[in-house]
Amino acid sequence: MSIEKLIGGVLCIQTPLGPRYIRPNFWQRLYLIWIFRHFQSLPQQVLSVREQLFIGRVCACDNYVSRLSGIGVDEAPLIGILENRMPVEAQESSRKRPAGSVTENSSSPFADERGT
């Protein structure tokens with residue numbers, strides 16, 4: 001465990017809008033260091049329900065830090081990166097086309113040759 005992470009580490013949350021940085025309090029940092037003890041980056045889906053609820057509470061606190069502010073996020077040690085990905089089922093369903101969107105194409109092997 002890195003003392004620097006415990007003293008002033010930040011958590012990076014990957015969102016569709018870009019990375020967001022959170023500066024948790026001491027006890028939150030301690031638990032986050034435990035969550036990210038073997039990995040630098042984790043998808044949200046691999047966390048337990050308890051850990052997901054904890055991350056939700058940390059994100060609900062208004063401890064977001066801007067990279068543009070003079071607080072020094074660039075120099076702050078990174079506790080971990082939480083990848084906020086869409087669930088696999090949602091990704092697959094977004095790729096599938098609805099059944100009503102099939103269009104007839106004359107190059108289809110099933111096209112009626114008399115109509116072309």
Side-chain angles (χ1 to χ4, degrees):
M1 175 173 56
S2 171
I3 296 298
E4 292 83 21
K5 288 182 183 180
L6 190 60
I7 292 173
V10 295
L11 174 67
C12 178
I13 307 286
Q14 293 289 340
T15 66
L17 299 175
R20 301 289 182 248
Y21 296 91
I22 300 174
R23 188 176 303 273
N25 65 34
F26 176 79
W27 296 109
Q28 291 171 336
R29 284 192 301 270
L30 185 63
Y31 191 52
L32 286 168
I33 289 171
W34 174 256
I35 292 173
F36 288 96
R37 66 190 178 276
H38 296 296
F39 302 98
Q40 179 67 25
S41 176
L42 290 172
Q44 186 174 357
Q45 291 81 9
V46 301
L47 301 178
S48 69
V49 174
R50 180 180 181 181
E51 292 169 341
Q52 289 182 12
L53 290 173
F54 173 76
I55 296 288
R57 286 192 304 269
V58 170
C59 292
C61 296
D62 207 15
N63 295 338
Y64 287 94
V65 181
S66 172
R67 290 187 75 117
L68 301 176
S69 66
I71 298 175
V73 173
D74 293 328
E75 295 87 26
L78 190 63
I79 295 172
I81 301 170
L82 183 66
E83 300 169 7
N84 195 2
R85 296 184 184 168
M86 291 174 29
V88 176
E89 299 86 29
Q91 288 176 351
E92 290 175 0
S93 66
S94 67
R95 289 186 205 153
K96 294 180 183 176
R97 292 182 5 184
S101 69
V102 176
T103 59
E104 289 189 37
N105 189 354
S106 61
S107 64
S108 170
F110 303 110
D112 186 15
E113 292 179 5
R114 290 174 281 167
T116 57

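Values reported hereafter were calculated over all heavy atoms of this structure, with side chains retained and with hydrogens, waters and symmetry mates removed.
Taking both residues in full, the closest heavy atoms of Q52 and Q44 are given as NE2-O, 2.9 Å, listed atom of the first, atom of the second, then distance. Residues A76 and G8 come closest through the heavy atom pair CB-O, 3.8 Å. Heavy atoms only, all atoms of each residue included: P24 and G9 are closest at CD-O, 3.7 Å. Closest approach of L6 to F26, counting heavy atoms only: CG-CE1, 3.5 Å. Between R29 and K5 the shortest heavy-atom distance is CD-O, 3.5 Å. The two atoms that bring Y21 and V10 nearest to each other are CD2-CG2, 4.2 Å, heavy atoms only.
Atom CZ of R50 sits in a sparse spot, with 12 or fewer heavy atoms from other residues, nucleotides or ligands closer than 6.0 Å. Atom CZ of F39 has 12 or fewer heavy atoms from other residues, nucleotides or ligands within 6.0 Å.
Between the CD1 atom in I35 and the CD1 atom in I79 there is a gap of 10.0 Å [rounded to 0.5 Å].
In this structure, Y64 is a member of the same hydrophobic cluster as L11, with clusters built from ILVMFWY side-chain heavy atoms closer than 4.5 Å. Side-chain heavy atoms closer than 4.5 Å link hydrophobic residues (I, L, V, M, F, W, Y) into clusters, and following such links, even through other members, never connects I55 to V49.
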(Q) Working note: L32 + F54, criterion side-chain contact (heavy atoms from CB on, under 4.5 Å); need CA distance, chi angles, decisive distance, verdict. (A) CA-CA 9 Å; L32 286 168; F54 173 76; 3.7 Å; yes
(Q) Set out, in order, the CA-CA distance, both residues' side-chain angles and the distance that settles side-chain contact (heavy atoms from CB on, under 4.5 Å) for C61 and Q28, then state yes or no. (A) CA-CA 11 Å; C61 296; Q28 291 171 336; 4.3 Å; yes
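With E83 contributing its side chain and Q14 its backbone, the two residues share no donor-acceptor pair below 3.5 Å.
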